[in-house]
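The residues of the chain are indexed from 1 along the displayed sequence.
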Amino acid sequence: MNKQTVRDIDVKGKRVFCRVDFNVPMQDGAVTDDTRIRAALPTIQYLMEQGAKVILASHLGRPKGKVVEEMRLTAVAARLSELLGKRVVKTDEAYGDAVKAAIAEMNEGDVLLLENVRFYPGEEKNDPELAKAFAELADVYVNDAFGAAHRAHASTEGIAHYLPAVAGFLMEKEIEVLGKALSNPDRPFTAIIGGAKVKDKIGVIENLLDKVDNLIIGGGLAYTFVKALGHEIGKSLLEEDKIELAKSFMEKAKEKGVNFYMPVDAVVADAFANDANKKVVNIDEIPSDWEGLDIGPKTRELYRDVILKSKLVIWNGPMGVFEMDAFAEGTKAVAQALADAKDTYTVIGGGDSAAAVEKFGLADKMDHISTGGGASLEFMEGKQLPGVVALNDK
Ligand SMILES: Nc1ncnc2c1ncn2[C@@H]1O[C@H](COP(=O)(O)OP(=O)(O)OP(=O)(O)O)[C@@H](O)[C@H]1O
Ligand SMILES: O=C(O)[C@H](O)COP(=O)(O)O
């Protein structure tokens with residue numbers, strides 16, 4: 001990576017404003033998945049060991065510039081304290097005199113967590129005044145919030161203009177793994193793209209078609225491709241206005257010598273429900289009043305073979321409605337194939353695919369699970385991430 005990291009600066013005795021992505025799932029006031037908190041620990045612990053005063057900042061949810069009680073970071077601070085085995089002071093605001101006073105009390109190695117930065121309208125507007133108010137709290141800025149790096153906000157981008165700005169270890173790892181895949185991949189290189197809509201994956205499919213050897217399509221978006229081939233798809237998800245685009249992707253794949261894999265069979269159901277009637281049909285035999293909710297067994301075998309023969313696989317988006325057990329088998333089969341592919345470097349592109357490998361208990365079998373959903377998608381589209389661009393060059 002051509003950006004400076006925490007290794008490139010001296011933080012001893014310094015106040016370090018460290019942006020993390022603690023946007024974690026919560027239920028009834030408790031953190032239900034602490035993956036993102038654990039992912040930031042290497043940077044936090046390093047800063048503590050180096051004798052920095054660690055001031056952490058994060059958003060949680062989308063409070064739209066107002067204080068929303070359920071989106072306070074109090075439970076996150078408690079979980080972080082447990083993980084660090086050390087008290088984490090949590091302030092009720094994210095800048096201002098009370099925060100400055102709390103920081104003045106800090107000793108080297110102490111950790112403080114600011115309140116949700118999205119409680120202030122200036123955060124998402126990237127207001128320079130708010131960015132300066134954050135910068136006033138510290139001597140150095142560290143960005144370890146890969147998951148929010150696609151947002152040009154005051155705490156992810158603006159502040160970097162007012163302080164020496166470097167990347168944390170999580171940010172560095174995410175950029176290195178995803179960057180290597182896109183610029184210098186081990187081959188055969190396979191991308192698996194699933195999820196609900198073609199619309200959300202246009203950029204990533206376009207960019208990856210220039211780079212991969214194999215492109216595997218699954219999930220709801222596959223049906224627009226099936227339709228583009230001239231087959232009936234019953235009540236399956238269809239984006240009429242993307243049929244031509246789907247055709248052009250298939251043509252481009254042919255021109256570029258990319259193997260384009262589509263489902264050859266599907267699990268169809270007579271309703272969008274776990275207890276619906278379901279059956280397996282060939283992809284060109286979907287009955288008119290049924291909908292495809294998962295890839296079928298022949299497709300699972302086909303995709304497994306491609307995965308096992310690959311040296312690098314990137315996966316983004318589930319193969320079916322995996323939240324319902326009745327339609328989770330396709331997503332599970334892909335996750336299992338990735339887990340079994342010992343000579344393959346496996347990268348999970350965040351979001352629902354990461355949730356799926358967690359759900360199936362296969363997370364520890366993957367080489368890299370991105371902590372970014374939207375951020376990893378934008379990175380795979382070949383876009384520059386503002387939170388990274390703003391950091392100091394090496
Ligand atoms: N055949 C299908 N029909 C309808 N919905 C489907 C189908 N296959 C998958 N889905 C749904 O697609 C959703 C995931 O799509 P999405 O595009 O959000 O994926 P993602 O990119 O992994 O997620 P994220 O945006 O969180 O990164 C899941 O909720 C899943 O139930
Ligand atoms: O969960 C995420 O993808 C990041 O934390 C960014 O959140 P946002 O989509 O609300 O900006």
**Prompt:** Hey, what's the ring geometry for Phe17 with Phe134, parallel, tilted or perpendicular (30° and 60° as the breaks)?
**Reply:** tilted

**Asked** Are Glu301 and Lys298 close enough for a salt bridge, meaning some N to O gap below 4.0 Å?
**Response** no

**Request:** Using a strict cut-off of less than 4.0 Å between a Lys/Arg side-chain nitrogen and an Asp/Glu carboxylate oxygen, indicate whether Lys247 and Glu244 qualify as a salt bridge.
**Result:** yes

**Prompt:** Under a 4.0 Å N-O cut-off, is there an ion pair linking Arg15 with Asp139?
**Reply:** yes

**Asked** Within a radius of less than 6.0 Å around NZ of Lys342, do more than 12 heavy atoms belonging to other residues, nucleotides or ligands occur?
**Response** yes

**Request:** May I ask you to say whether Glu136 pairs ionically with Lys100, meaning some side-chain N is under 4.0 Å from a carboxylate O?
**Result:** yes

**Message:** Tell me whether Ser370 contacts the main-chain N or O of Gly372 through its side chain, where contact means a donor paired with an acceptor under 3.5 Å.
**Reply:** yes

**Heavy-atom neighbours of Arg187 CZ exceed 12 at 6.0 Å** = yes

**Asked** Is Tyr162 isolated, or which residues cluster with it under the ILVMFWY side-chain rule of less than 4.5 Å, directly or via members?
**Response** none

**Ion pair check, Asp110 and Lys86, cut-off under 4.0 Å** = yes

**Message:** So that I can tick it off, tell me whether Asp393 and Lys3 are bridged by a salt bridge, with the cut-off set at under 4.0 angstrom between side-chain N and carboxylate O.
**Reply:** yes

**Prompt:** Looking at Asp92 and Lys90, does any basic side-chain N land under 4.0 Å from a carboxylate oxygen?
**Reply:** yes

**Other residues, nucleotides, ligands: >12 heavy atoms within 6.0 Å of Tyr95 OH** = no

**Sequence neighbours excluded, every pair satisfying ring pair (Phe, Tyr, Trp, His ring centres under 6.0 Å) that has a member inside residues 177-235** = Phe225-Phe260

**Cluster companions of Phe272 among Ile, Leu, Val, Met, Phe, Trp, Tyr (side-chain spacing under 4.5 Å)** = Val267, Val280, Leu293, Val321, Met324, Phe327

**Request:** Inspect the contact between Asp186 and Lys180 and indicate whether a charged nitrogen and a carboxylate oxygen are less than 4.0 angstrom apart.
**Result:** yes

**Message:** Could you go through Asp270 and Lys279, starting from their C-alpha distance and side-chain angles, then the distance that decides it, and tell me whether this counts as salt bridge (Lys or Arg N to Asp or Glu O under 4.0 Å)?
**Reply:** CA-CA 9 Å; Asp270 62 357; Lys279 59 185 177 185; over 6 Å; no

**Request:** Sort out for me which residue in Lys66, Lys64, Arg62, Arg19 forms a salt bridge (Lys or Arg N to Asp or Glu O under 4.0 Å) with Glu123.
**Result:** Arg19

**Message:** Between Arg300 and Asp265, does any side-chain N to carboxylate O distance fall below 4.0 Å?
**Reply:** no

**Request:** Please answer whether the main-chain N or O of Gly194 pairs with a side-chain N or O of Lys201 as donor and acceptor at a distance below 3.5 Å.
**Result:** yes

**Item:** Side chain Glu172, main chain Thr5, donor-acceptor under 3.5 Å
**Value:** no

**Asked** Are Glu108 and Lys12 within salt-bridge range, i.e. N to O under 4.0 Å?
**Response** yes

**Message:** Quick one: does any side-chain atom of Lys278 pair with a main-chain N or O of Ala326 as donor and acceptor, under 3.5 Å?
**Reply:** yes

**Message:** Closer than 4.0 angstrom, basic N to acidic O: yes or no for Arg79 and Glu82?
**Reply:** yes

